[in-house]
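Data block below; observations after.
Any value given below was found using the heavy atoms of this structure, including those in side chains, with hydrogens, waters and symmetry copies removed. Sequence lines set the chain letters: A, B, ... in the order given, protein chains first and strands last, and positions in each chain run from 1.
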Amino acid sequence: MISCVRGTRDILPDEIHLWHLVERESAAIFSRYGFEELRLPIFEVTELFARGIGDTTDIVEKEMYTFADRNNQSLTLRPEGTASLVRAYIQHQLYKDGGTRKLYYAGPMFRYERPQKGRYRQFYQIGAEVLGPDSPGVEAEVMDMLMLLMERLGIRDTRLWINSIGCPACRPAFLAVLQEREQAAAGRLCADCVRRVAVNPLRVLDCKNPDCQDTINALPSILDCLCAPCRSHHERLKKYLGLLGITYSENPRMVRGLDYYVKTTFEITSGALGAQNSLLGGGRYDGLVEQLGGPPTHGFGFALGLDRFVLALPETVRAGLRPVQDVYLAPLGEAALELAQVVAARLRRAGVAVAQDFQDRSLKSHMRHADRLGVPRVVIIGDTEVQTGQVALKSLITGEQILVPLPELEAVLRPRPAEKE
RNA sequence: GUGGGUAUAGCUCAGUUGGCAGAGCACUGGAUUGUGGCUCCAGGUGUCGUGGGUUCAAAUCCCAUUACCCACCCCA
């Protein structure tokens, strides 16, 4: 038997309804906020991610699925979406359309990691990006949109974390001070941290090793070292969040794993997940468009983990989502089967969802089967019905049974109500 | 990349000191010759993850390996 490869999985019909729910709600709400969807390739030239994400990040250094195609070009299965989106934004000169572009994408991403709860090698993200303005109002608007999305999905027990990691004007000075202080304290830090001091001093702040906490707590906070514009930006964001009634926690130790972020970063965690408790994360990336060859453009966005959203859906939502057919046809015998075939086709054209089983079952078996499918009504077609042109329509809810002339069947079995929205 | 746990029927899981492979659920048929749910009866189902080893005998003990789960790490 051949199984799917490690870190990938099949999403079976029992679960797919949850995915549709999240995808449907996201699309509906994002478009309400003015976002438009675009579809991006699954793979890109490797250089795009190396330059976009940063070639010393874990993602680029050890997690990418990189391969040479038959033309010996180095390609990479996308580990995230922002770099591709920005590439498309530049390639198609979407900035020429005027001020602000709000775009979103959805699809699989690929990272070579050790799988665990909420972490797969092929995982799914929905991401949205605002290109153009640099206002913290944009950031508050996006966070508000996410709050609404989670509210609509019934996802609770979440927490919004915000931080500012500064900009090219203030971060280098902070990093220098931070690195110096970390070096001085290196004797009291874990081995991982000592390594990070040289490579990425910010990551030391994010260490979870209990033995490091006292030392880390004594290190300077980025929020105390922001330049005036960054500080003002951060304060305005907090003010807007207050106006919108959005509760948040400031976490000066939260850093992101991608190099392109500046100023605001944020994350929403869920208590319903395990160690991989981050439902979504994002931030501002003002230099990325320019770095990838476009005009200077501000950017702000996030990506949400679809797999994790599905995991975090409440039990009440998880149950009872399975769609059922409107009616079950129970034919008895060959003549009835022929008639049922025609009736089913007619009903389906009239908008009725028809369940039909082609096994030669006893009526009892048909009834039991229909009951297990959750179908509310059964049409019984046997020899009598074939001869008289009337079929028996039984409600499995009330147990009531009536005779319906075949031509009236469509009218009696109302089409399912049109989908809302 | 590191550590711990797990792997037996379609699903959830028992399986004692090594001695015939089990239960519940699900599925199929019947009790009710054409009427579901509740009840009762009957029935089928296995590469005991894989490959070696020890033994008269291995689901059980040993070694290796793979996958899954959880944590570290990392991130969505």
Side-chain angles (χ1 to χ4, degrees), chain A residues 1-9 12 14 22 53 57-63 78-82 106-128 146 190-193 195-196 200 203 206-210 254-258 265-270 273-283 301-312 328 330-333 336 359-385 391-401:
Chain A
M1 183 184 65
I2 297 175
S3 310
C4 61
V5 309
R6 179 161 207 203
T8 70
R9 60 197 176 127
L12 300 177
D14 273 353
V22 177
I53 299 169
T57 56
D58 276 11
I59 293 175
V60 172
E61 269 189 340
K62 48 191 192 194
E63 294 178 1
R78 61 184 184 189
E80 60 109 38
T82 302
M109 306 292 163
F110 306 85
R111 292 183 201 170
Y112 189 90
E113 296 186 274
R114 185 102 171 236
Q116 67 183 74
K117 187 183 177 76
R119 189 168 80 182
Y120 307 96
R121 289 180 176 179
Q122 173 173 337
F123 61 104
Y124 296 81
Q125 287 189 335
I126 302 177
L146 290 166
C190 68
D192 279 338
C193 280
R195 185 176 49 80
R196 292 184 191 118
N200 190 344
R203 289 230 67 87
D206 209 28
C207 182
K208 275 118 191 159
N209 190 324
M254 179 180 67
V255 297
R256 310 258 80 219
L258 296 84
T265 59
F266 74 107
E267 185 169 326
I268 292 177
T269 57
S270 162
L273 304 176
Q276 309 303 311
N277 65 352
S278 180
L279 274 176
L280 62 92
F302 67 87
L304 68 82
L306 202 37
D307 313 72
R308 293 182 187 176
F309 260 65
V310 168
L311 276 174
Y328 181 96
L332 302 165
Q359 290 182 58
D360 187 22
R361 295 172 179 273
S362 67
L363 181 56
K364 175 205 283 273
S365 171
H366 273 307
M367 296 301 291
R368 182 160 46 212
H369 195 213
D371 185 56
R372 291 197 178 136
L373 289 174
V375 175
R377 286 173 291 196
V378 176
V379 169
I380 300 165
I381 308 175
D383 291 339
T384 324
E385 285 80 3
V391 293
L393 175 63
K394 174 162 183 171
S395 163
L396 291 189
I397 297 161
T398 64
E400 214 176 331
Q401 185 165 324

What are the atom names and distances for every N/O pair under 3.5 Å that joins the protein to nucleotides 3-10 of chain B?
from	atom 1	to	atom 2	distance (Å)
rG3(B)	O6	Arg114(A)	NH2	3.2

Mind listing the N/O atom pairs, protein and nucleotides 41-43 of chain B, below 3.5 Å?
none

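For the pair Val375(A) and Ile268(A), both in contact range of RNA chain B, the more 5′-proximal nearest nucleotide belongs to Val375(A). Residue-to-nucleotide proximity on RNA chain B shows that, of Ile59(A) and Cys4(A), the 5′-proximal contact is made by Cys4(A).
Of the inter-residue distances, the one linking Leu279(A) atom CG with Leu146(A) atom CG reads 10.0 Å to the nearest 0.5 angstrom. Summarising the geometry, atom CD belonging to Gln122(A) is positioned 15.5 Å from atom CZ belonging to Arg6(A); distances are rounded to the nearest 0.5 Å. Between the CE atom in Met109(A) and the CG atom in Asp307(A) there is a gap of 11.0 Å [rounded to 0.5 Å].
Nearest heavy-atom pair, Ala370(A) versus Tyr328(A), reported as atom, atom and distance to 0.1 Å: CB-CG, 3.6 Å. Residues Gln125(A) and Gly81(A) share a closest heavy-atom pair of OE1-N, 4.2 Å. Scanning all heavy atoms of the two residues, the minimum distance from Leu273(A) to Ala312(A) falls at CD2-N, 4.3 Å. Gly118(A) approaches Arg308(A) most closely through the heavy-atom pair O-NE, 2.8 Å. Across all their heavy atoms, His366(A) and Pro331(A) have their closest contact at NE2-O, 3.2 Å.
For the C1' atom pair drawn from rU45(B) and rA9(B), the interatomic distance equals 6 Å after rounding to whole Å.
Each of Leu396(A), Ile397(A), Thr398(A) was checked for a side chain to side chain contact (heavy atoms under 4.5 Å, CB included) with Glu400(A), and the lone residue meeting it is Thr398(A).
Shown here are the side chain to side chain contact (heavy atoms under 4.5 Å, CB included) partners of Ser3(A), two or more places apart in sequence or in another chain: Met1(A). Taking the side-chain hydrogen bond (donor to acceptor under 3.5 Å, both in side chains) definition, one finds that Glu113(A) meets it with nothing, sequence neighbours left out.
A sub-4.0 Å separation between OP1 or OP2 of rA76(B) and a side-chain N or O of Gln125(A) is absent.
Among the protein residues, Gly118(A) comes within range of the nucleic acid bases, having at least one heavy atom under 4.0 Å from a base atom.
One donor-acceptor pair, N or O on each side, does fall under 3.5 Å between the base of rC74(B) and the side chain of Arg119(A). Checked by distance alone, Asp371(A) brings no side-chain donor or acceptor within 3.5 Å of a matching partner on the base of rG37(B).
Stems are defined here as 3 or more consecutive Watson-Crick or G-U wobble pairs with pairing distances under 3.5 Å; those involving RNA chain B are B:1-7 with B:66-72, B:10-13 with B:22-25, B:27-31 with B:39-43, B:49-53 with B:61-65.
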Each nucleotide of nucleotides 25-34 of chain B classed B (base within 4.0 Å of a protein heavy atom), S (only sugar-phosphate) or -, in 5' to 3' order, makes --SSSSBB-B
